[in-house]
2 protein chains.
Amino acid sequence: MQAVPAIAATARKKPSASIRPSGQERQASIIAAAAALFAANGFKGTTTKEIAKAVGISEALLFKHFPTKRALYAAILKEKVSIPELLASVEEAAHKRDDERVFTLIAGHRIRRGSDPTLLRLLLFSALEGHELSAMFFRTQHRVFYDYLAGYIAQRAKEGAFRHVDPMLTARAFTGMITHHRLLHEIFGVPAHRGPEDSVAAYVTLFLDGLRAVRPTRRKAAGRGAP
Amino acid sequence: MQAVPAIAATARKKPSASIRPSGQERQASIIAAAAALFAANGFKGTTTKEIAKAVGISEALLFKHFPTKRALYAAILKEKVSIPELLASVEEAAHKRDDERVFTLIAGHRIRRGSDPTLLRLLLFSALEGHELSAMFFRTQHRVFYDYLAGYIAQRAKEGAFRHVDPMLTARAFTGMITHHRLLHEIFGVPAHRGPEDSVAAYVTLFLDGLRAVRPTRRKAAGRGAP
DNA sequence: GCTCGGTGAGTAACCACTCACTCACTAGGT
DNA sequence: ACCTAGTGAGTGAGTGGTTACTCACCGAGC
């Protein structure tokens, strides 16, 4: 719904001192404006006329840069959706067996990703609308992310530091804890309960303590009374 | 994308023994067919022509039953999205302080909800596309669900059974653990790791142990070696 | 003078929605 | 028993507006 007037303003027709932007500059400004619109309204909900207006150019020029609407959409997804660069620092922490740091790094990364509403909406829309690139992204993301975390959990369990849990289930559970909060807020409009970053420590502590806990002796119904 | 031929078949023109369906029956069959299409392709991605074809009637008749496409969509959301009936059994378990049962009931309910792809997609699409009813649903859902769970966690912490955690954060974390798994599978096409129901126990154990754990003595980097 | 950034004015297809109309059946008067 | 007026289910053939995309044509700078 929301337009992107800031971008359009940089490209207005000025009869005097006309610094005509190069093809690449134009392409970048088109992608920026279109990404915002696609994120807000989805692929079907966005018209090429709207995009052209937001950039400040004619529809015809839009089709000089991208042969079809779908090609523009694909270019945006390809640009926005990149494999994260977090693995180096995580691997270092993992080598040191610094569980807190491993989980904190991963949680922080997820929160940062989830806090970009444009990216979040773009990804959800593309998945729901069944765009091929979205499926590919998740396959890749899955490999570098969930598989790594699951592997770490399995290793720590073997070393006796964690309880014996299902590693992949646990990796997904941890990720879900983080992203659900962001999803509720960014997509469903539920008010944010805390600042995104200062909840990381709380999540990590809660989760790690669960992983490390020695199973308590079965004490069913410990303590009685109305809630 | 997928048509609903079964429904259409019941309403074909048969010169002999023509049992014309009543208005209410028609209305129900329209809602069923349209819900499947809206869930698959979203509001903007579904045409009234497609819906009429799926039901097996003319477009004109569709507009005799629902004044606009939007009204049909609203009727579907209103029907599909109902407040869950789970609170009675949960309250009983909560009164008995049966933590396992409280969390298991809630987890099971979330999984059952999340396992209906039509409902899940309908809800996500409507939230992304900004339909008013979706926001309302989540406000209601939030009250009866998250608030209750957070209240229970706070109470149990006060009684000394749980550690002192942020109750709302913890309630959302638990819910997120459950739904993320379903989201990955149903929306993003990540293969299911386990059957949905048999992961409940694993989640609950992991989470409850985290809540009950006595904070372990700080032991940074316990155990070394390559992963 | 030729390329490149840029456009106004289209076009065919598609969209939600309308209209004038048919058909099968029923209730009631005669 | 028969006519008839009414009713509700149902439709073919549109309507005006919108959509993605095209094309012939500019004007400025190298």
Side-chain angles (χ1 to χ4, degrees), chain A residues 1 3 7-31 33-34 37-38 40-76 129 131, chain B residues 1 7-34 37-38 40-76 129 131:
Chain A
M1 283 292 173
I7 291 155
T10 68
R12 278 268 68 99
K13 331 171 188 177
K14 283 182 191 172
S16 62
S18 79
I19 312 148
R20 220 169 23 180
S22 76
Q24 280 202 328
E25 286 170 339
R26 258 288 120 85
Q27 200 137 328
S29 74
I30 290 172
I31 283 182
L37 286 169
F38 281 136
N41 310 317
F43 182 77
K44 293 251 181 184
T46 305
T47 69
T48 51
K49 199 184 225 166
E50 279 172 357
I51 296 169
K53 198 181 165 188
V55 184
I57 57 173
S58 66
E59 256 187 288
L61 184 55
L62 192 72
F63 282 97
K64 286 251 163 80
H65 283 279
F66 299 95
T68 61
K69 184 187 171 188
R70 218 166 175 85
L72 168 58
Y73 192 65
I76 289 169
E129 286 174 335
H131 196 278
Chain B
M1 281 292 168
I7 291 156
T10 66
R12 278 267 68 100
K13 331 170 191 180
K14 284 182 189 171
S16 63
S18 78
I19 311 148
R20 218 170 25 178
S22 76
Q24 280 202 329
E25 286 169 339
R26 257 287 119 86
Q27 200 137 327
S29 74
I30 290 172
I31 283 182
L37 286 169
F38 281 135
N41 310 317
F43 182 77
K44 293 251 181 184
T46 305
T47 69
T48 51
K49 199 182 225 164
E50 278 172 358
I51 297 169
K53 198 180 167 190
V55 184
I57 59 173
S58 67
E59 255 187 289
L61 183 55
L62 193 71
F63 283 96
K64 287 252 162 79
H65 283 279
F66 299 94
T68 60
K69 184 187 173 189
R70 212 158 185 88
L72 168 57
Y73 193 64
I76 288 169
E129 285 174 337
H131 196 278

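Just so we're on the same page: letters track the sequence lines, and every chain starts at 1.
B:Ala74 meets the side-chain contact (heavy atoms from CB on, under 4.5 Å) test with B:His131, B:Leu133; sequence neighbours excluded. Evaluation of the side-chain hydrogen bond (donor to acceptor under 3.5 Å, both in side chains) rule for A:Thr46 yields no partner, not counting sequence neighbours. When the ring pair (Phe, Tyr, Trp, His ring centres under 6.0 Å) test is applied to A:Phe63, no partner is found at least two apart in sequence or on another chain. A:Ala60 meets the side-chain contact (heavy atoms from CB on, under 4.5 Å) test with A:Ser58; sequence neighbours excluded. The side-chain contact (heavy atoms from CB on, under 4.5 Å) search around B:Lys64 returns B:Leu61, not counting sequence neighbours.
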* **Sugar-phosphate or base contact per nucleotide [nucleotides 9-22 of chain C; S, B, -; heavy atom under 4.0 Å]** => ------SSBBBB--

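Residue B:Arg26 places at least one side-chain N or O under 4.0 Å from the OP1 or OP2 atom of D:dG10.
Contact of the B:Phe38 side chain with the B:Ile51 side chain is registered, since non-hydrogen atoms from C-beta on lie closer than 4.5 Å.
Counting to the nearest Å, the P atom of D:dA20 and the CZ atom of A:Phe66 are 15 Å from each other. Distance A:Leu62 CG to D:dT22 P: 12 Å, rounded to the nearest Å. Here D:dT22 presents its C1' atom at 14 Å from CG of A:Leu61, a figure rounded to the nearest Å.
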